[in-house]
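Reading through the C-alpha cells given below for one structure.
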Amino acid sequence: MSSMLGWLPVITMIALVLNGFRLRGQLGWLPVLDDEEPGPHGRFQFVLAKGAELPERTMAAAEDWARRQGLAVLDLIPRGLGVTRALDLARAGLGKDFLANRLASAGGAGHALLVAPRVAEREELIADPDTVTTAGLTTRLKRLACTATDFAVAPGLGALTESPAQRAGRLRAERGLFRAVLPPLVCYAALLTSVVAQPILGLGALALFSLQPYLVFASSPVRPADLHRQVALRLVLDPANWARTLAALWRTRTRGDRVAELRAAYAAELAQGTDRFFESRRPDCPWCGSAALSPHVRCADLVLNKPGRFTLERCAGCGHVFQNPRLNLAGLDFYYRDCYDGEGARTAETAFSAGPAVYRRRAEMVAPFTTPKTWLDVGGGHGHFANLAREVWPETAFDGLDLGAGIEEAARRGWVDRGYRGQFPELAAELAGRYDVLSMFHYLEHTREPFEELDAAAKVLSAGGFLLIEVPNPASGYGRLLRTYWMPWFPPQHQHMIPRDNLVRALTERGFAVVAQDRGRADQSMDLTMALALGLNRLARNPNQPWRPVPATWWRRARYRTIMLAGAPLLVLSWLTDKLAHQVIKRGNGGNAYRVLAQRAG
Ligand SMILES: [Zn+2]
C-alpha cells in the first residue's frame with residue numbers, strides 16, 4: 001500500500017499530462033472561420049442563445065464554410081470561450097471524427113448554430129433558447145443530419161458566461177450527474193493524497209494541475225480569454241467552480257418527483273403479484289412437439305431487477321430452449337417497460353451506438369450475393385443499424401419495423417426511410433413481396449411465435465430475396481458455465497433460444513436455402529464482463545429504479561455507487577479477458593451468437 005502511495009504523485013502527473021494531450025486533441029482540429037471578407041448570406045437559419053450576438057460577417061463566413069463543406073448544421077464556438085466551459089466542451093464528445101461518425105453524439109458550445117432549412121423544419125426550434133438548450137440542440141440536430149453536422153470556431157462570436165445553475169443543468173443533460181462529477185472527484189482525491197503522502201512530488205502534481213490548461217490551449221484554435229487568470233488561480237477557482245456547480249445540482253434536483261410518481265404506479269401494479277404475468281406451463285416443445293422437457297436455467301431479471309422468477313426449459317428432442325411458462329401480453333408489457341424507452345431510453349441509446357463495426361459487418365454479409373435496392377430491418381429498434389448500413393449501401397432504401405416508439409423516432413431522424421410500428425406478422429400482408437433483403441438482428445429470440453415471424457419474412461421478401469438472421473447461440477459453452485449470469489439468456493425478454501441446426505431446418509422448410517453463416521465471427525465478446533456487471537447490478541440494486549419498493553435515499557445511492565465503483569477494476573480485467581478469448585472464439589464455431597443468411601427460392 002505504501003509503495004502505491006509513493007507512486008501516486010507520479011501516476012497523477014502522468015495522468016494529468018495524458019489527459020491534457022487528449023483534451024488538446026479534442027479541440028486542436030477545429031477549423032477557424034475566416035470572416036475578413038464577408039460574402040452574401042441568407043440561405044441558412046441561425047439559432048442564437050439568449051444574449052449571444054453574431055455579426056453579419058461571421059454569419060456570412062459560417063454559411064460560406066457550410067456550403068463548401070456540405071454541412072447542414074454548424075455549431076459555432078466563440079474563440080475566447082472560458083477555460084471551464086471550453087474544457088467541458090472538449091469532454092462532451094466533439095472530435096476529429098465527429099463529422100464522419102454517424103452515431104457520434106456531442107453536446108454543443110451553447111452559443112450559436114447554423115441550421116439548413118431542410119433540417120430546421122424537422123426539429124422544433126424555439127426562439128431565444130438559453131445556452132443549455134442550445135448546447136443540447138447540437139446533440140439533437142446531429143441525429144437529424146448525422147453526416148453533415150460539425151463544429152467551427154467563430155472569431156466574431158462573443159463568449160457568454162454560464163451560471164452554476166446552467167452548468168449543472170447542462171452537465172446533467174450531457175452526461176448525467178455521476179459521470180460528470182466523478183472525474184474531478186478522482187482528480188482531487190489523487191492530488192490531496194499525493195500532497196499528504198509525498199509533499200515535494202505532491203506539490204509538483206499540483207503545479208502540473210495548474211499548468212494543464214496551457215497544455216490544452218497553447219496555440220489551440222480555442223483561446224480562452226481567461227487562460228492566464230485560470231492557470232494562476234486554478235487551485236482555488238476550479239474547486240470553487242465545482243462546489244458551486246454541485247450546490248446548484250443539489251438545489252435543482254428534479255428527478256425525485258418523477259421517479260416517485262412512477263414508483264407509486266409500479267407499486268400499485270406489483271401489489272397484485274407477478275403470477276398474473278404468466279400463461280400456464282406448456283407440456284411440449286413449441287419447436288418439435290416433444291414432451292421431453294427439463295428446466296435449463298432458473299433466473300431472475302438481472303438487467304432491470306424487476307421482481308419475478310423465470311424458467312427456461314430445454315427440449316431433449318431438438319435442443320430448443322424456451323421460456324416456460326411464458327409471459328402473457330400483460331407480462332411482456334410490464335417487463336419491457338422502461339427498458340428501451342422511458343427511464344431506460346438513455347442507456348439504450350448509448351448501448352445501440354456502441355457497435356458500429358458490428359453493424360457494418362452485418363450489412364456487408366449480403367455483399368457477395370446481391371446489391372439490395374430495398375431492405376427491411378425487423379426489430380429495428382431506434383434505427384441504428386439502418387443508419388450505419390447506409391455507409392455500406394448508400395443507394396439502398398432502408399425501412400424499419402418495430403413494436404416500440406423508437407422506430408417512429410428513427411423515421412423522424414431519417415435513419416430509416418420508413419418506420420412501421422406493430423407486429424411483423426400482422427403487417428406482412430401490407431408489405432408482401434416488397435423487399436430484397438430482410439434482416440432480424442437479435443429479434444427472433446424476443447418473439448412469441450418464431451415460426452409466424454419466419455412465415456411473414458418469406459411473404460415480405462421478393463422472389464430470390466435474402467433473409468439475414470442473427471440470434472444468440474444457446475449452445476455456447478459460456479451459457480453452461482455462467483448459467484443465470486450469461487447475458488444472452490436475458491430473462492425475461494428472451495422467449496426462444498434457437499439452436500443453429502433448428503433454425504436452418506425451419507428456413508429450409510419455408511423454401512429458403514442457407515448461403516452463408518457467421519459463427520465464431522458473430523461472437524460479441526462480452527460474456528465475462530456482462531456476467532460480472534449483472535452480478536454487481538444484482539448486489540448493488542440501483543435505488544433510482546422506480547420498481548424498487550423503497551425510495552432512494554442518499555445512503556442507498558451511495559451504497560449502489562460504492563459497489564459499482566469497487567467492481568470497476570474487476571470489470572476492466574474481465575473485459576480484457578473477453579477480448580483475449582474473442583481472438584480464439586472468432587476463429588471457431590462456438591460464439592455467443594450466430595448469423596445465417598438464407599435466400600428465398602426465386
Ligand atoms: Zn423440441
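This is a predicted model, so every value here is computed, not measured. Note that ligands are numbered from 1 as they come in the structure, with each ligand's atoms numbered from 1 the same way.
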- So among Arg556, Arg263, Arg557, which one has a side-chain hydrogen bond (donor to acceptor under 3.5 Å, both in side chains) with Asn544? Arg557
- Item | Tyr266 six-ring face occupied by Lys306 cation (under 6.0 Å, within 45°) | no
- Once the angle between the rings of Phe310 and Phe278 is folded into 0 to 90°, is it parallel (under 30°), tilted (30 to 60°) or perpendicular (over 60°)? tilted
- For this output row, return yes or no: ring centroids of His384 and Trp415 closer than 6.0 angstrom. yes
- For residues Tyr443 and Glu453, is any side-chain donor paired with an opposing acceptor at under 3.5 Å? yes
- Query: Mind counting the protein N, O or S atoms sitting less than 2.8 Å from the Zn ion (ligand 1)?
  - Reply: 4
- For Arg276, does the CZ atom sit with more than 12 other heavy atoms under 6.0 Å from it, leaving out its own atoms? yes
